[in-house]
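Quick caveat: nothing in here was measured; it's all calculated off a predicted structure. Chain letters run A, B, ... following the sequence lines, proteins first and then strands; every chain starts at 1.
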Amino acid sequence: MILQASVSSAETAYARLNPEVQAWIRDQGWKTLHPLQVQAIDAILGGCGDLLITAPTAAGKTEAAFLPVVTAVADQQRTGFAVLYVSPLKALINDQARRLSPLCERLGLTLVPWHGDAGRGAKTRAFADPSGMALITPESLEALLVRRPEDAKRLMSRLSFIVIDELHALMSGPRGLHLASLLKRIDAWSTAPARRIGLSATIGDLARAAVWLRPTAPSSVTLVQGDTSATEVMLKVMGYLDAAPAESRETKAVGRPMASHPRIVDHLFQTLRGSSNLVFAQTRREVESIAGSLRTRSVRAYVPNEFFAHHGSLSKEIRSEVEDRLRQNSLPTTVVCTQTLELGIDIGSVSAVAQVGAPRSISSLRQRLGRAGRRGSPAILRLYIREPVIDHCSDFRDRLRPNTVRAVASVRLLQARFAEPAPVSDALATALLHQILSVITERSGATPRTIFNLLAGPGPFEDIGREDLVDLLNAAIQSPGKLIEVAADGSLMLGEGGEAIVSRRDFFAMFQSDLEWRVLSGQVPLGTIPLSNPVAKGTLILFAGRHWIVEAVDTRSRILQVAPHQGGAAPQFDAGAAEDLHDRLLEEMRAVYSSDDIPEYLDTQAQHFLSEARRAFSLYGLAETRVIVSNGGVHLFPWRGSGACHVFAATLRKEQVKAQAHDLAISTADASLDQIAAALDRIRCYGTTDLEDSCLWSDNFANAKYDRLIPRPLLHRLWMRRNRQAITAVPAIAADLLESLAT
DNA sequence: GACCTGCTGCGGATTG
């Protein structure tokens, strides 16, 4: 990656901009251009490659990219869009359209917001006379390619720039593979591919981001980095003692708030009322329960409620109402939310950010922190950490106080500027099949060679070899559902099954969607809850931070009609697997256990938890050993992240040891130390063949949308490649554990 | 043991 070498002065950069852009800058009342903007102007107007712009939220990344971009394309004459802006969220497209339209108007550039909820007028005009900028989601891009391939080519074969916002979010997961493939296909239409500009606040691995951005030439990506000097953070970690462990697990399962709940709610109420804040919780159910209690608390205190819920299952209406109230900033507003308010939707900045529960990801914590701190004042972050009461039947997991230790480790890594790299997607096969169907549709048929040339090679599918593609295509051709057919000339066409998949509306997204109840209060849509919730007339529910009674159930159209009421519990939202912990976080947790400093940002209870944690760590002898016996079971501590631990647990199961990985360790059952030592000794000597075989014992590698249509051996092969690192580490982990047992 | 994201084209009726 090329680091920005020379930087001209703000005056020189300003002089390079289009006069109308300069006038717009004066209108904003800006006295000077930020260094970030100067760098971006130099790189875009002076250079010719791709750019990665990283800077904290609200540092002006959008302007840094667009001032020079619109300057570059202002006077060009062409048929088709000059700039494609890709965003992960419709709401972000609406925000950006609002921000950019005065600038574009001055230059006579058309601006077309292009997503499912955007008006059709602008799109229709763009089909007739395409020019300027389109602001689009990956799914709408897919829809354009599949449904209007001729128009898509006409609109996007002469692009000068592709701007990708919130790059860290768009490059990860199935969507990352999807968008990368779409961009590759767009590039194939033109002789001079558009320059790509990625924007992000949190990039854990710059080298990998550069590879994603320009797979054929990652070293030509210029890095433009904003001010990375640390912003002042006022941090507090607060400990809360919960009910007995057995009880706490039970109440969690039933969904009843835990014993610490009222005390945490009290503290939030007292510290946050009167100002604007964000409170992040780990689950939607927890958001509901906290927001509901805060509202009840306000009613009891005879004060107007200023606490609201925000999560992905709430309707657009409810969510934008809350976002508007935050943005207008005229009334104190505290929003209890999940990840939904992490990305760059414009909500202004808030006084303080709180999080209930220990962080699992540093990137996420950093994004959340970025929401706090008005100009000139420090960002306030409060972490609420719960640990259970210890009694005679408590096991090592409770005694080691992992939540407190994880919170301290997270803060240390935050200070060390660590951020997790974007996770590798497990949807490679699904994405490949999806894109094959899409290419066949776009081209009304394609030969295997065309498909291979178009999709394979540097990019999202570079791990796919010719034989993988052949296996996949053969399976699709021979499938009883007739996904693909071979035409007389040897080209591949959609079969009956393929047609059915592509013609469905949900084809455009690479992720799954399940059926849900729609919850309506009168005519107002409140949101959706999973069909799995038992509901009947008279059921009480807590939703959108308020209490409701179900008045009517329409099972045909899946609608719940509700009315305001009192009481009721939050619904059960479908549970997925917990977010993986990174290797670095476990390593840091071990360091926290082994050191003896008590950070001053811990309150008395949290300090107490940390002391208990270290005492337990020492009593179990974990400074010297990686294997302990507790409550009749043997527990192994590789001090690695979730990925490595899950693979290692699978390997143990292959050796007939019942093993289960959790956040802190791997727990075994019904096995003696001798049996485990023998298993570890065998695993220690594993060669490549054994390792490739070991993961056959894992049955859950068919998770993604179209995995059921993929041959199992291919899924297994791809799973192996994706987990190569964790798999290669297996013998070394076994050796370390065995050494512990010997001493 | 979690979270989040997205969605066409067409014909016909209605409205300004």
_Distance test, side-chain N/O of Thr137(A) to OP1/OP2 of dG6(B), below 4.0 Å_ = no
*side-chain N/O Arg319(A) vs dT5(B) OP1/OP2, d < 4.0 Å*: yes
_For dC3(B) and Arg360(A) - does any side-chain N or O of the residue sit under 4.0 Å from the phosphate oxygens OP1/OP2?_
no
_Taking the nucleotide of DNA chain B with the nearest heavy atom to each, does Arg148(A) or Thr283(A) sit closer to the 5' end?_
Thr283(A)
*asked:* I'd like to know whether the aromatic ring centres of Trp517(A) and Phe573(A) sit less than 6.0 Å apart in this structure.
replied: no
*Whole angstrom is fine here: how far is it from CG in Asn703(A) over to P in dA2(B)?*
16 Å
*Does Ser513(A) make a side-chain N or O approach to OP1 or OP2 of dC7(B) shorter than 4.0 Å?*
no
*For Gln282(A), which contact category applies under a 4.0 Å heavy-atom criterion: base, sugar-phosphate, or nothing?*
sugar-phosphate
*dG6(B) C1' sits how many Å from Leu170(A) CG, rounded?*
12 Å
_Euclidean distance, atom CG of residue Leu92(A) to atom C1' of dC4(B) [Å, nearest integer]_ = 14 Å
_N/O donor-acceptor pair, side chain Asp663(A) with base dG1(B), under 3.5 angstrom_ = yes
*Go through dG6(B), dA2(B), dG1(B) for me and flag the one nearest to the His646(A) side chain.*
dG1(B)
*Under 5.5 Å and under 30°: Phe508(A) stacked on dT8(B)*: no
*Rounded to the nearest Å, what distance is computed from the CD atom of residue Glu342(A) to the P atom of nucleotide dT5(B)?*
11 Å
*Is there a side-chain contact between His178(A) and Phe511(A), using heavy atoms and a 4.5 Å cut-off?*
no
_Candidate nucleotides dG6(B), dC7(B), dC3(B), ranked by approach to the side chain of Ser140(A) - the nearest_ = dC7(B)
_In this structure, how many angstroms lie between the C1' atom of dC3(B) and the CG atom of Leu365(A), rounded?_
15 Å
*Using the benzene-type ring in the case of Trp, are the ring centres of Phe637(A) and Phe396(A) under 6.0 Å apart?*
yes
*What is the distance, rounded to the nearest whole Å, between atom CD of Gln355(A) and atom C1' of dC3(B)?*
12 Å
*Between Glu342(A) and Arg368(A), is a salt bridge (charged side-chain N to carboxylate O under 4.0 Å, His left out) present by the stated rule, with each step listed?*
CA-CA 6 Å; Glu342(A) 241 177 62; Arg368(A) 293 171 182 192; 2.8 Å; yes
*Closest listed nucleotide, where the reference is the side chain of Thr340(A) and the choices are dT5(B), dC7(B), dC3(B)*: dT5(B)
_side-chain N/O Arg284(A) vs dC3(B) OP1/OP2, d < 4.0 Å_ = yes
*Write down the distance between NE2 (His311(A)) and C1' (dA2(B)), rounded to a whole number of angstrom.*
13 Å
*Looking for any heavy atom pair under 4.0 Å, which part of the strands does Ala661(A) touch: base, sugar-phosphate only, or nothing?*
base
*Under the ring-ring contact (aromatic ring centres under 6.0 Å, His included) criterion, do Phe507(A) and His434(A) qualify, and how do the steps go?*
CA-CA 8 Å; Phe507(A) 177 71; His434(A) 181 269; 4.2 Å; yes
*asked:* I need the CZ-C1' distance between Phe280(A) and dA2(B), as an integer number of Å.
replied: 15 Å
*asked:* Which is more 5' along DNA chain B, the nucleotide nearest Phe573(A) or the one nearest Ala91(A)? Just name the residue.
replied: Phe573(A)
*asked:* So for atom NZ, which belongs to Lys123(A), do other residues, nucleotides or ligands contribute more than 12 heavy atoms lying within a distance under 6.0 Å?
replied: yes
_With a cut-off of less than 4.0 Å, is there a side-chain N or O of Lys123(A) near OP1 or OP2 of dG9(B)?_
no
